Asks: 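Here it is, the structure, as structure tokens.
Below, chains carry the letters A, B, ... as their sequence lines are ordered, and counting in each starts from 1. Values in this document were obtained by computation on a predicted structure and should not be read as measured data.
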Amino acid sequence: MKIVAVTACATGVAHTFMAKRAIEDAAKKRGHEVKVETQGATGIENGLTRKELEEADILILATDIKLARTERFENIKKVTIPVATAIKNANGVIKKIEEKLA
Amino acid sequence: MKKFQQALMTGVSYMLPLIVFSGMTIALTGMISQSVQSDFPAVATLNGFAWMMMDLIPAIFAAYMAYAIGDKAAIIPGFIGGYIAAHPPVEGTSASGFLGAILAGLIAGYVVLFIRKIKVPLFLDSIKKTLFIPVLTGWLLYVIMAYPIAYFVGALNDFIIDNLITLSQAPQYAFLLGAILSAMCAFDMGGPIGKIAITFVFAVWNDPSGLGFVVNAAVFPGIMVPALSVGIASLIARNKYTEDEIKMAPASILSGLVGITESTLPYAFRDPLRIVGANMLGASIGGAIMMGFGVSTAGVSGVFGMPMASNLGIFISAILIGTVISVTTQILIKKPVDEYTEFAGADDEDLDFDITL
């Protein structure tokens, strides 16, 4: 599967990047391709391109705040979860997605 | 409720840099004026300017709270409402503070969301967007914020702050308030509960009584003790922490010093009850000491708040004592590492999401 994700927390220095790493690790461990965009304190980093979004099977939005540039995410299959869920249990999140998409 | 929480967090997220800028500028310029005998007019002017920026914080907060709900068109109505929360224009009313700013953000957000949904003939649509929304919602926010909210919430705000000032000036209660504020920060390490404590600090930040700087100092143990303690404890009692945790220790101690509580999270996830319990105990004792002695500071972010402390000795002792208590407690109550099974965070029941388009 091709997984793309966006992470954002209120302060944008710690949880945002911990969630990114958790999603990347879990996705790779389960054999998926993954790219994670962060919307941290300084803005968008590692931004998702239009092509990546088009090709993705699922978009994970792990956020506690309103995301920027959400118009890019229209008409893409997505799930929205709190940042804490991604950090605590990214593996479970991806497993659940696999089940739902199967 | 989830929408409300997200809006609140968005407001906090966007106002944070302004708080850091004005807080640090006020602290540094204050320090320069105090330590240097001769007057620097430029420094005093910068100090005054930073206070002006500080007064804009509720406006920025409300603007981005509104943005989270009603998108771009809600920013300015939210700003207008939030500005009035700090600067009541009508005589005989008072600033409604953060409480008012939260209401302004909510009202502006939902009113704009509602107007955006009203269908109008095509030739009116551009007028609706460029004229109706800014002018009508701006007026609406003015009327609501300047009259009922400035009157009632303003009075409530005055009441709360007056009582807190009384509490903070009576040492027998002040220590309790300090303990609670610090414990809240230590409880969820940068999460929503701690943010409530911090929001309270900002709400009374520019109160003329100086209460803001006292409660600001009182949250320092809550912010610094957790990350310092897990780092130090994992270096001392190596058999009770995992390899990863020991490796993270220096980074965690550094984070604690500069006031980033979040680095405690990995430790807390693995052993929530013991880590959070020990940290809350240490932090609340630190907070109690800090506020019991009425220490104040205008600085933010860990050690950067130290030079501005009104009593450096007690400031440092409060954090040290809190840290020692937390370190000792967690070393005593934690079990050696091999007694743990694999990381037990896989609680699948909060995974009730749906896939949407």
Asks: With only heavy atoms counted, which part of A/Thr80 is less than 4.5 Å from chain B, the side chain, the backbone, both or neither?
Replies: backbone
Asks: To the closest 0.5 Å, what do you measure between CD1 (A/Ile65) and OH (B/Tyr14)?
Replies: 6.0 Å
Asks: Identify the heavy atoms of B/Ser13 and A/Ala10 that sit nearest to each other, and give their distance.
Replies: OG-O, 2.6 Å
Asks: If you count heavy-atom pairs under 4.5 Å with chain B, which of A/Asn75, A/Val13, A/Ile76, A/Thr63 comes out on top?
Replies: A/Ile76
Asks: For the interface with chain A, which of B/Val12, B/Leu265, B/Leu8 has the highest count of heavy-atom pairs at distances below 4.5 Å?
Replies: B/Leu265
Asks: Restricting to non-hydrogen atoms, name the atom on B/Gln6 and the atom on A/Asp64 that form the minimum distance, rounded to 0.1 Å.
Replies: CG-O, 3.3 Å
Asks: With heavy-atom distances below 4.5 Å as the criterion, would you say the side chains of A/Val79 and B/Thr356 are in contact?
Replies: no
Asks: Going by residue number, which parts of residues 66-79 of chain B are within reach of chain A, meaning a heavy-atom gap below 4.5 Å?
Replies: B/Tyr67, B/Ala68, B/Asp71
Asks: Where the side chain of B/Thr10 meets the backbone of A/Lys66, is there a donor-acceptor pair that is under 3.5 Å apart?
Replies: yes
Asks: Tell me whether B/Phe114 at atom CZ has more than 12 heavy atoms from other residues, nucleotides or ligands lying less than 6.0 Å away.
Replies: no
Asks: Taking atom CD1 of A/Ile58 and atom CD1 of B/Ile355, what is their separation to the nearest 0.5 Å?
Replies: 4.0 Å
Asks: Is atom NZ of A/Lys29 surrounded by more than 12 heavy atoms (other residues, nucleotides or ligands) closer than 6.0 Å?
Replies: no
